[in-house]
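Shown next, in C-alpha cells, is the structure this report addresses.
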2 protein chains.
Amino acid sequence: MSARRPVPKAAIFRLSLYLRELERLRAETRETVSSRELGRALNLTDAQVRKDLTYFGQFGHRGVGYRVSELIPQLRHILGTDRKWNVVVLGAGNLGRALSAYRGFRNQGFNIVGLFDNDPAKIGQDVGDLTVESMDALSTTVQARDVQIAIICVPAEAAQTVTDLALRSGIPGIFNFAPVTLEVPGSTVEVSEDLAIRLEQLTFDLSKLLS
Amino acid sequence: MSARRPVPKAAIFRLSLYLRELERLRAETRETVSSRELGRALNLTDAQVRKDLTYFGQFGHRGVGYRVSELIPQLRHILGTDRKWNVVVLGAGNLGRALSAYRGFRNQGFNIVGLFDNDPAKIGQDVGDLTVESMDALSTTVQARDVQIAIICVPAEAAQTVTDLALRSGIPGIFNFAPVTLEVPGSTVEVSEDLAIRLEQLTFDLSKLLS
DNA sequence: TAGATTGTTAATCGATTAACAATC
DNA sequence: TAGATTGTTAATCGATTAACAATC
C-alpha cells in the first residue's frame, strides 16, 4: 500500500457525477468521451476531470479520451457500487417509507431488506414489499440478512439512540436524515443529509436574488 | 453596498448547522454559547465558527460569547428563513409525495402549496391535504399562489423539461432531486440533491473500511 | 505524420487555522 | 481587576487551474 496523497472529499463526489454522466453516454451508445466534454456536461474544467481520475489510476487513452464502457466499471469499483449492499431503513414515517420504495436506490444495487419503527401502530404495516418490523428485531435481522447500511429517518430526538442501536447491532454505515449531528466512533462511517438545510442553501441565494 | 469578499459556499452550509444547533440550545433554555462550544458540538474549530459569522457581521460579545436568542434571528435573516416560502412539488412519485408531506419542511416556514404530475392516473389523488394537479395547471397556480420554489421529483428524462416549464412559469428557485445536471439561466437559483450519489459517498468509505 | 488528448508538475487561488490585541 | 472570549490579521494548508511533455 503506497503512501497515498489524500483525495479531496469533493473529488469523490465528482466521481459519482462522472459515473452518472458516463452511464447516460453509454445509453446513447457513445464509445469514448474526453475530459473536456465530460467537464462541459457537468460545469467543470477538463483539468479537474483528469486530476480527479488520476487520484485513482490511469484510465484514459492519449489522443482518444476515456472509453465509456471501460471507465464505468472502474468508477463503480472505486465507489464500491460494483457489489450489492443490504440496507435497512429505521423510521417508517413519510420519508422512511418513501426511501424504502425509492427506485433510485434499488437500481443502484442497494437492497432495502428491512423497515423498522417503534410505533406499535406502524409495526405490521406493509410498505411496498416490506413489512414494518419492531426496532427490537433489528439486531436479529442484521445478522440474518448481512446488513451494512442503516438509513436513519426517525425524528431528531430519537436519532442518536437509534444510531447507537444500529451500531451495536453491527451495522458499520449510517446514512442520517435526522436534523442532528450524530456522534459515531471512528470505526464506522457516517453521512448526513438534512433536507431542510439544503433548502436553506437555496433560500440564501434566492433572498439575494429577489431583493 | 460594500465590495464584499466572497463567502465560501461551505460557510453558508455551516450557517445552517449553527442555526440548527442554536435552536436546540434555545429549547434547552441556554442563553449564551461560545464559538468553542458551538464548534465542539459540530466538529468544527472555534476559529471557523467565528470566521463564518464575521462574514456577515459582528454578532458576539467579547468575554461572553453569542446570545442564543439574539443570534437565531440574525442567522434566519441571512439564510432567508425569516419569511415564508411557497413551494410546489413536481412529480407525485414516492419521493414527491413524501416531500409534500414532510414535516421537516413545513416546520421551517416552507409552505407546500401544490403537487403536480403528468400521469392521468395520479391527477386528482389526495396526498395529505393536497390534491395532485396536472402539470398543465402549473403556470396558473404559480401566479395565483406566489410560488418561489419548485422541488423536482420527476424521473431524470423529464427533469429538464419540467424545470424549463417551472422557470417559464416564473419560479426562480429549483431544488432538483432528479439524477441529472440541469441547465438553468443565471437569473435563477438551483440546488441539486442526488440521494443515490450521497449513498455512494458512504459506500466509498465503507468499501475501504470493510476490505 | 499531424492532431488530439492524456497524465502530471508547477502556479494560483481559496479556505482553514493559529495567534493575539481588543474588550466585555 | 482577572478571566473569558470575540473579531481579525497573518500563516498555513489544501484544492483547483494552467501549462505542457508524453503519446496515441
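These numbers come from a predicted model, not from an experiment. Throughout, a chain's letter reflects where its sequence line sits, starting with A, and its residues are numbered from 1.
Contact between B/V68 and B/L22 at its shortest, heavy atoms only, is CG1-O, 3.5 Å. Taking each heavy atom of B/S187 and A/L209 in turn, the nearest pair found is O-CD2, 3.3 Å.
Across the protein-nucleic acid pair, A/Q48 atom CD and C/dC13 atom C1' stand 13 Å apart, rounded to whole Å. When the C1' atom of D/dC24 is taken as reference, atom NE2 of A/H61 falls 10 Å away, rounded to whole Å. Residue B/F59 contributes atom CZ, which lies 9 Å from atom P of D/dG7 at whole-angstrom precision. Distance, A/L44 CG to D/dT16 P: 9 Å, rounded to whole Å. The nearest whole Å value for the distance from the NZ atom in B/K9 to the C1' atom in D/dT16 is 17 Å. The distance from atom CG of A/D52 to atom P of C/dT6 is 13 Å, rounded to the nearest whole Å. Spacing between atom OH of A/Y55 and atom C1' of D/dA15 amounts to 7 Å, rounded to whole angstrom units. Summarising the geometry, the separation between CG on A/D46 and C1' on D/dT16 is reported as 12 Å, rounded to the nearest angstrom.
Contact check, B/Y66 against C/dC24: no side-chain N or O comes under 4.0 Å of OP1 or OP2. Between A/R50 and the phosphate of C/dG7, there is no side-chain N or O to OP1/OP2 separation shorter than 4.0 Å. Between A/S35 and C/dT5 there is no side-chain N or O to OP1 or OP2 distance below 4.0 Å. Between A/T54 and C/dG7 there is no side-chain polar atom (N or O) within less than 4.0 angstrom of OP1 or OP2. Considering only side-chain N and O atoms, B/R14 lies under 4.0 angstrom from the phosphate OP1 or OP2 of C/dT16.
With a cut-off of 3.5 Å on both pairing distances, the Watson-Crick or G-U wobble partner of C/dA15 is D/dT12. The nucleotide D/dC20 finds its pairing partner in C/dG7, both defining distances of the Watson-Crick or G-U wobble pair being shorter than 3.5 Å.
No side-chain N or O of B/T188 forms a donor-acceptor pair with one of B/E190 less than 3.5 Å apart. Counting only N and O atoms by type, the side chains of A/R83 and B/T203 include no donor and acceptor under 3.5 Å apart.
Taking the nucleotide of DNA chain D with the nearest heavy atom to each of A/V64 and B/V64, the more 5' of the two is matched to B/V64.
A side chain to side chain contact (heavy atoms under 4.5 Å, CB included) with B/R67 holds for exactly one of B/E31, B/H61, B/R30; it is B/H61.
Contact of A/R62 with C/dT6 (side chain to base): a donor-acceptor pair of N or O atoms is detected under 3.5 Å.
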